[in-house]
Amino acid sequence: GLGFAERRDLIEGNPDDDQNPIDRIAKDAIWSVTFHEPWEVPIREHDLWLDHGFPTGPEATVPAAVQYGPKRRIRRASPKMLAFFEGVFRTLAETTEDEMDSGRWSKTVGTSAGALSFQLTLPDILEPPSESDRPRSFNPLRSGAALGEIQKLIDRQSFESEDELRDFLETEVVGKKLPAPSLESREDQALAMAIEAMDLSGRSGAAMARKALKLDPESPVAHLALAIHTRDPETAAERFRDAVAAAERALGPEIFADDVGHFWGLVETRPYMEARKGLADCLWASGDHHEAVEHYAELIRLNPNDNQGIRDHLAPAFLALGLIDEADELLEAYAEDPTASHAFNRALLAFQRSGDAETSRHMLDQAIEVNPHVPDILLGRAIMPAELPDGYTIGSFEEAVVYFLNADEAWGETAGALDWLESRVDG
């Protein structure tokens with residue numbers, strides 16, 4: 001549904017304020033229009049819904065408009081307020097992506113109270129947050145672009161020896177701010193805009209990605225940025241496929257034949273690698289598990305060094321699908337991996353092979369030593385954080401959260417695995 005308030009801070013609040021949003025409205029009021037199953041709304045609304053012949057099947061939902069006021073007082077909407085909400089929803093239903101990307105648009109729509117006019121704005125598009133105000137996580141494409149700029153600097157020089165190259169890097173690159181990237185061509189402008197879009201959140205990121213695509217419809221990074229900002233899984237998968245296809249066209253067929261084994265080391269391959277990983281993640285989340293595994297496995301084949309951490313997704317995927325031999329081969333290939341992901345996947349594999357045996361118990365004990373937080377999260381005893389961690393250290397709670405997100409299904413699909421884990425932890 002949607003929330004309505006007279007001031008933006010009543011909805012958003014201060015990110016550093018732990019106070020419940022409802023508790024912040026002691027002197028104000030906010031409206032909420034939410035959708036419910038027909039039997040979840042007040043009887044009067046339910047009866048009105050039936051009187052008007054609206055659908056009541058399995059897919060039907062009934063809107064309910066409620067005001068939360070001072071002292072948690074609840075008030076129902078008047079006919080005038082209902083007409084206002086109706087108008088807002090009709091306006092949104094008729095709004096195009098281009099209108100939202102503009103940041104401000106107007107419409108006149110029909111309602112139960114007659115024609116009403118609305119002007120809507122998206123403040124973060126009209127005034128995007130400054131670079132210093134944006135949370136920025138590691139972006140491999142941004143770092144790849146920086147390496148590309150360094151390569152351009154090198155290409156403009158003429159070195160007679162490796163020592164001259166090394167001296168140049170130490171004096172002109174190390175510890176120095178790189179020059180701004182060249183934005184002379186539409187392709188360069190689109191690339192810079194698409195990388196920027198990946199660091200933006202919500203509609204503002206999607207809007208910038210679409211602008212980049214208009215500049216360069218063949219930009220793999222622009223396709224990737226738009227896919228990342230797509231919430232609908234089916235549409236997101238299509239956009240990740242578009243990004244993969246655009247990256248394949250940009251790379252050409254020769255690189256897939258000549259450079260297998262060290263793909264990530266080539267900066268130009270990173271949009272392809274990130275797009276294909278995004279596609280695999282999206283397919284797994286939407287239930288297309290076997291196709292997702294094919295993409296994960298191909299990424300490992302192209303880059304066995306696994307800079308993207310694909311094995312943390314692929315190993316539990318194999319285990320969830322009961323592909324024990326494939327999981328064993330993958331885990332053995334990275335036997336020196338010191339993470340909780342590797343340790344707990346080995347323990348789960350041993351349990352799938354032998355059940356509650358000495359070998360599996362020993363591996364589980366070793367895994368718990370690597371990260372004692374994992375069992376509590378897998379067993380539902382720990383509270384998951386509101387936001388996903390940007391990174392983690394080995395043995396940390398954040399590492400356990402990341403492992404849970406990748407491997408929860410594998411443990412849940414393995415008959416008796418969670419009971420075994422619980423008995424080992426409590427016993």
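Residue numbers start at 1 and run along the sequence shown.
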**OP:** Please confirm whether the backbone N or O of Val41 pairs with a side-chain atom of His36, one donor and one acceptor, at under 3.5 Å?
**Re:** no

Original post:
Run the salt bridge (charged side-chain N to carboxylate O under 4.0 Å, His left out) check on Glu422 and Arg381 step by step: do they pass?
Top reply: CA-CA 11 Å; Glu422 185 173 25; Arg381 297 175 177 178; 3.2 Å; yes

Original post:
Under a 4.0 Å N-O cut-off, is there an ion pair linking Arg90 with Glu94?
Top reply: no

Subject >> Trace of the side chain to side chain contact (heavy atoms under 4.5 Å, CB included) decision for Phe351 with Leu364 >> reply: CA-CA 9 Å; Phe351 179 78; Leu364 181 59; over 6 Å; no

Subject >> Donor-acceptor pair, side chain of Ser360 and main chain of Gly355, under 3.5 angstrom >> reply: yes

**OP:** Applying side chain to side chain contact (heavy atoms under 4.5 Å, CB included), run through Gln67 and Ile30 and close with a yes or a no.
**Re:** CA-CA 6 Å; Gln67 184 193 62; Ile30 60 173; over 6 Å; no

**OP:** Can you measure from CG (Leu302) to CG (Leu266) and round to the nearest 0.5 angstrom?
**Re:** 11.0 Å

**OP:** List the steps, then state whether side chain to side chain contact (heavy atoms under 4.5 Å, CB included) holds for Phe35 with Val62.
**Re:** CA-CA 5 Å; Phe35 294 83; Val62 181; over 6 Å; no

**OP:** Could you tell me the separation between the CD atom of Glu196 and the OG atom of Ser204, rounded to the nearest 0.5 Å?
**Re:** 10.0 Å

**OP:** For residues Pro233 and Cys282, report the shortest heavy-atom separation together with the two atoms involved.
**Re:** O-SG, 3.3 Å

Original post:
What heavy-atom pair brings Leu116 and Phe118 nearest, and what distance separates the two atoms?
Top reply: CB-CE1, 3.6 Å

Subject >> Whether Asn371 side chain and Ser396 backbone form a donor-acceptor pair below 3.5 Å >> reply: yes

Subject >> Worked verdict on Thr269 versus Trp264 for side chain to side chain donor-acceptor pair (under 3.5 Å) >> reply: CA-CA 6 Å; Thr269 68; Trp264 189 260; over 6 Å; no

Original post:
CG of Leu215 to CD of Gln189: how many Å apart, nearest 0.5 Å?
Top reply: 6.0 Å

**OP:** Taking only Lys NZ, Arg NE, NH1 and NH2, and the carboxylate oxygens of Asp or Glu, determine whether Glu99 and Arg104 approach each other closer than 4.0 Å.
**Re:** no

Subject >> Audit row: Arg239, Thr230, side chain to side chain donor-acceptor pair (under 3.5 Å) steps and yes/no >> reply: CA-CA 8 Å; Arg239 289 175 174 171; Thr230 302; 2.7 Å; yes

**OP:** Tell me, please, which residues at least two apart from Glu218 pass salt bridge (charged side-chain N to carboxylate O under 4.0 Å, His left out).
**Re:** Arg249

**OP:** Examine the side chains of Tyr296 and Asp281 and answer whether a donor and an acceptor come within less than 3.5 Å of each other.
**Re:** yes

Subject >> Phe85/Trp31 aromatic ring centres below 6.0 Å >> reply: yes

Subject >> Stepwise ring pair (Phe, Tyr, Trp, His ring centres under 6.0 Å) test for Trp284 and His289 >> reply: CA-CA 5 Å; Trp284 183 268; His289 291 168; 3.8 Å; yes

Original post:
Is a salt bridge present between Asp419 and Arg424, judged by a nitrogen-to-oxygen distance below 4.0 Å?
Top reply: no

Original post:
Checking salt bridge (charged side-chain N to carboxylate O under 4.0 Å, His left out) for the pair Arg311/Asp337: CA distance, chi angles, key distance, verdict?
Top reply: CA-CA 10 Å; Arg311 60 186 180 272; Asp337 187 335; 2.9 Å; yes

Subject >> Other residues, nucleotides, ligands: >12 heavy atoms within 6.0 Å of Gln157 CD >> reply: yes

**OP:** Supply the atom-to-atom distance Asp356 CG to Ser423 OG, rounded to the nearest 0.5 angstrom.
**Re:** 6.0 Å

Original post:
So, are Asp328 and Arg346 salt-bridged, with charged N and O less than 4.0 Å apart?
Top reply: no

Original post:
Which pair of heavy atoms, one from Gly205 and one from Ala197, lies closest together, and at what distance?
Top reply: O-CB, 3.4 Å

Original post:
Taking atom CD of Gln308 and atom CD1 of Ile300, what is their separation to the nearest 0.5 Å?
Top reply: 8.5 Å

Original post:
Under 3.5 Å, side chain of Thr414 to main-chain N/O of Ala417, donor-acceptor pair present?
Top reply: no

**OP:** Please check if atom NE2 in His262 has more than 12 non-hydrogen atoms from other residues, nucleotides or ligands closer than 6.0 Å.
**Re:** yes

Subject >> Lys211, NZ atom: more than 12 neighbouring heavy atoms under 6.0 Å >> reply: no

Original post:
If we ignore angles and hydrogens, is there a donor and acceptor under 3.5 Å between the side chains of Asp312 and Ser341?
Top reply: yes

Original post:
Using a distance-only test with no angle check, is there a side-chain donor-acceptor pair under 3.5 angstrom linking Asn345 and Tyr403?
Top reply: yes

**OP:** Evaluate whether atom CZ of Arg231 has more than 12 neighbouring non-hydrogen atoms of other residues, nucleotides or ligands under 6.0 angstrom away.
**Re:** no

Original post:
Is the gap between the ring centers of Phe256 and Tyr272 under 6.0 Å?
Top reply: yes

Subject >> N-O pairing of Arg241 and Glu291 below 4.0 Å >> reply: yes

**OP:** Take Arg203 and Asp101, measure what salt bridge (charged side-chain N to carboxylate O under 4.0 Å, His left out) needs, and give me the verdict at the end.
**Re:** CA-CA 7 Å; Arg203 169 66 55 174; Asp101 287 349; 3.4 Å; yes

Original post:
Using 4.0 Å as the upper bound for N to carboxylate O, is an ion pair formed by Arg301 and Glu298?
Top reply: yes

**OP:** Work out which heavy atom in Ser201 is nearest to a heavy atom in His229; give both atom names and the distance.
**Re:** CA-CE1, 4.2 Å

**OP:** Mark yes when over 12 heavy atoms from residues, nucleotides or ligands other than Glu332 sit less than 6.0 Å from its CD; otherwise mark no.
**Re:** no

**OP:** Please step through side chain to side chain contact (heavy atoms under 4.5 Å, CB included) for the pair His373 and Phe397, ending with a clear verdict.
**Re:** CA-CA 6 Å; His373 303 288; Phe397 181 77; 4.1 Å; yes

Original post:
In Å, rounded to the nearest 0.5 Å, how long is the span from CD1 of Ile125 to OG of Ser102?
Top reply: 7.5 Å

Original post:
Under 3.5 Å, is there a donor-acceptor pair between the side chain of Ser354 and the main chain of Ala357?
Top reply: no

Original post:
Which heavy atom in Ala247 sits nearest to a heavy atom in Pro271, and how many Å separate them?
Top reply: CB-C, 4.4 Å

Original post:
When you look at CD of Gln366, are more than 12 heavy atoms from neighbouring residues, nucleotides or ligands closer to it than 6.0 Å?
Top reply: yes

Subject >> Intermediate values then yes/no, salt bridge (charged side-chain N to carboxylate O under 4.0 Å, His left out), Arg210 and Asp98 >> reply: CA-CA 9 Å; Arg210 273 190 280 271; Asp98 286 342; 5.5 Å; no

Original post:
With no hydrogens and no angle check, is any side-chain donor or acceptor of Glu329 less than 3.5 Å from a backbone partner on Glu326?
Top reply: no

